[in-house]
Amino acid sequence: MKGKLILILLAVLLLGAVSLAESESAPSNNTIPSIGDLLKVADKATTNAEEGKDWSAPIKLVIVFTGLALLPSLLVITTSFTRIVIVMSFARRALGTQNIPPTMAIIGLSLFLTLFTMAPTFSKINTTAVQPYLQETLAFEEAWTTSSQALKEFMLSQCRESALGLFLEMADVRMPENPFDLGMHIVIPAFVISEFQTAFEIGCLLYIPFLLIDLVIANILLSAGMMMMPPSMISMPFKLILFILVDGWSMLAKNLCLGFQ
């Protein structure tokens with residue numbers, strides 16, 4: 001029962017990625033599962049094969065709404081969303097534009113960049129777990145194990161050895177020969193800590209050129225005797241000009257996406 005609920009939650013998570021690759025004519029081994037396939041997974045998983053009866057409609061609704069409630073947490077802790085949204089927030093604060101771009105726009109851009117960077121992982125889950133399960137060539141437990149291994153592979157590729165070692169030490173667990181044998185209770189927090197560390201490093205590097213502009217403007221105002229004039233009011237247009245000239249948002253999005261390859 002627990003495994004079925006987890007796979008249903010994973011299916012709900014994949015619903016958001018369908019917009020990246022909804023093509024009926026595309027080969028099934030190179031696409032993210034369609035909405036129809038994911039609904040079939042949920043319906044198939046909630047069917048009692050022995051008795052030939054489905055779960056009642058209220059129970060299915062409870063499962064669906066529970067999945068939707070847990071979706072933000074799953075998205076934040078198991079995908080590239082954390083790093084992307086933190087870096088985007090750092091960029092906005094470094095520019096000093098207060099709430100421009102709006103928070104909703106930052107989260108929306110981060111979400112679609114997350115879907116873009118996670119597309120290969122979702123495609124692998126579709127090929128190795130979802131489609132075989134729908135075709136009844138793979139048992140439910142095996143499908144869940146395969147999909148979780150694909151997600152674990154992504155997280156381990158981004159984990160820092162120091163973060164992974166920290167949680168191994170706290171859990172009093174030795175590093176296995178095969179990292180895929182590690183439990184999710186170790187991999188997930190190590191992945192999140194690694195993403196925080198990487199995001200803050202990128203944020204610090206983003207701040208440096210804008211900080212230099214602030215220092216130059218502050219020195220100029222001090223030399224001119226305009227000590228009451230806030231340097232941020234004068235420096236912000238120069239920050240914006242610099243960011244526009246280097247095509248900052250495109251460069252930022254490109255490097256964030258390439259960082260997960």
Side-chain angles (χ1 to χ4, degrees), residues 6 9-10 13-14 16-17 69-122 125 147-176 179-211 243 248-261:
I6 294 176
L9 296 181
L10 180 61
L13 175 62
L14 295 177
L70 296 176
L71 180 60
S73 298
L74 292 174
L75 179 65
V76 167
I77 65 176
T78 61
T79 65
S80 56
F81 180 83
T82 301
R83 182 193 304 183
I84 294 174
V85 74
I86 291 176
V87 172
M88 290 293 181
S89 299
F90 264 117
R92 182 176 67 177
R93 293 185 65 87
L95 287 170
T97 55
Q98 301 299 326
N99 293 323
I100 300 174
T103 301
M104 187 62 68
I106 292 291
I107 294 177
L109 177 59
S110 301
L111 175 62
F112 280 97
L113 287 178
T114 299
L115 297 179
F116 180 81
T117 56
M118 294 298 296
T121 301
F122 291 154
I125 293 174
S147 59
S148 63
Q149 288 294 327
L151 198 58
K152 186 185 293 185
E153 180 182 358
F154 167 78
M155 289 190 287
L156 285 173
S157 67
Q158 304 299 323
C159 275
R160 294 169 178 258
E161 293 184 3
S162 58
L164 201 57
L166 171 65
F167 287 96
L168 284 171
E169 181 181 355
M170 289 192 297
D172 195 16
V173 176
R174 292 185 178 181
M175 183 66 180
F180 292 100
D181 294 335
L182 289 171
M184 283 293 192
H185 68 289
I186 294 177
V187 175
I188 291 179
F191 169 73
V192 175
I193 293 297
S194 300
E195 291 297 279
F196 282 173
Q197 182 72 17
T198 304
F200 273 74
E201 288 178 357
I202 298 173
C204 289
L205 294 177
L206 280 174
Y207 256 95
I208 292 175
F210 300 114
L211 180 60
F243 200 68
W249 291 115
S250 298
M251 183 182 299
L252 195 58
K254 177 182 177 181
N255 285 278
L256 282 172
C257 292
L258 291 178
F260 291 99
Q261 295 182 358

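Just so we're clear, the structure is a prediction, and the values are computed from it rather than from any experiment.
When the side-chain contact (heavy atoms from CB on, under 4.5 Å) test is applied to Gln158, the partners found at least two apart in sequence or on another chain are Arg83, Phe154, Phe191, Glu195, Phe260. The salt bridge (Lys or Arg N to Asp or Glu O under 4.0 Å) check on Arg93 picks up nothing, with sequence neighbours excluded. In terms of the side-chain contact (heavy atoms from CB on, under 4.5 Å) criterion, residue partners of Met251 (sequence neighbours excluded) are, by chain and number, Val246, Asn255. With sequence neighbours excluded, the residues satisfying side-chain contact (heavy atoms from CB on, under 4.5 Å) with Thr103 are Arg92, Ile107. Annotation: side-chain contact (heavy atoms from CB on, under 4.5 Å) contacts of Cys257 (sequence neighbours excluded): Leu113, Phe116, Thr117.
Interatomic distance, Ser147 OG to Leu151 CG, rounded to the nearest 0.5 Å: 8.0 Å. In this structure, the separation between CD1 on Ile186 and CG on Leu168 is 5.0 Å, given to the nearest 0.5 Å. To the nearest 0.5 Å, atoms CG (Leu206) and CG (Leu211) are separated by 12.5 Å. If you take CG on Leu256 and CD1 on Ile202, they are separated by 5.5 Å, rounding to the nearest 0.5 Å. Expressed to the nearest 0.5 Å, how far OG1 of Thr82 lies from CD1 of Ile77 amounts to 8.5 Å. If you take OG1 on Thr78 and CE on Met184, they are separated by 8.0 Å, rounding to the nearest 0.5 Å.
In this pair, Phe210 and Phe243 present their aromatic rings tilted. The plane angle is within the 30 to 60° band.
Pairs passing the salt bridge (charged side-chain N to carboxylate O under 4.0 Å, His left out) check and including a residue from residues 95-111, sequence neighbours excluded, do not occur.
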Could you please spell out the steps behind the side-chain contact (heavy atoms from CB on, under 4.5 Å) verdict for Ile188 and Lys152? CA-CA 8 Å; Ile188 291 179; Lys152 186 185 293 185; over 6 Å; no

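Of all heavy-atom pairs between Ser110 and Phe81, the closest is CB-CE1, 3.8 Å. The shortest heavy-atom contact between Ala163 and Ala190 is CB-O, 3.7 Å. Taking all atoms of both residues into account, the shortest heavy-atom contact from Ile106 to Ser89 is CG2-OG, 4.3 Å.
Panel note: side chain Ser194, backbone Arg160; a donor-acceptor pair is recorded below 3.5 Å.
With a 6.0 Å radius and a threshold of 12 heavy atoms from other residues, nucleotides or ligands, Met170 has its CE atom above the threshold.
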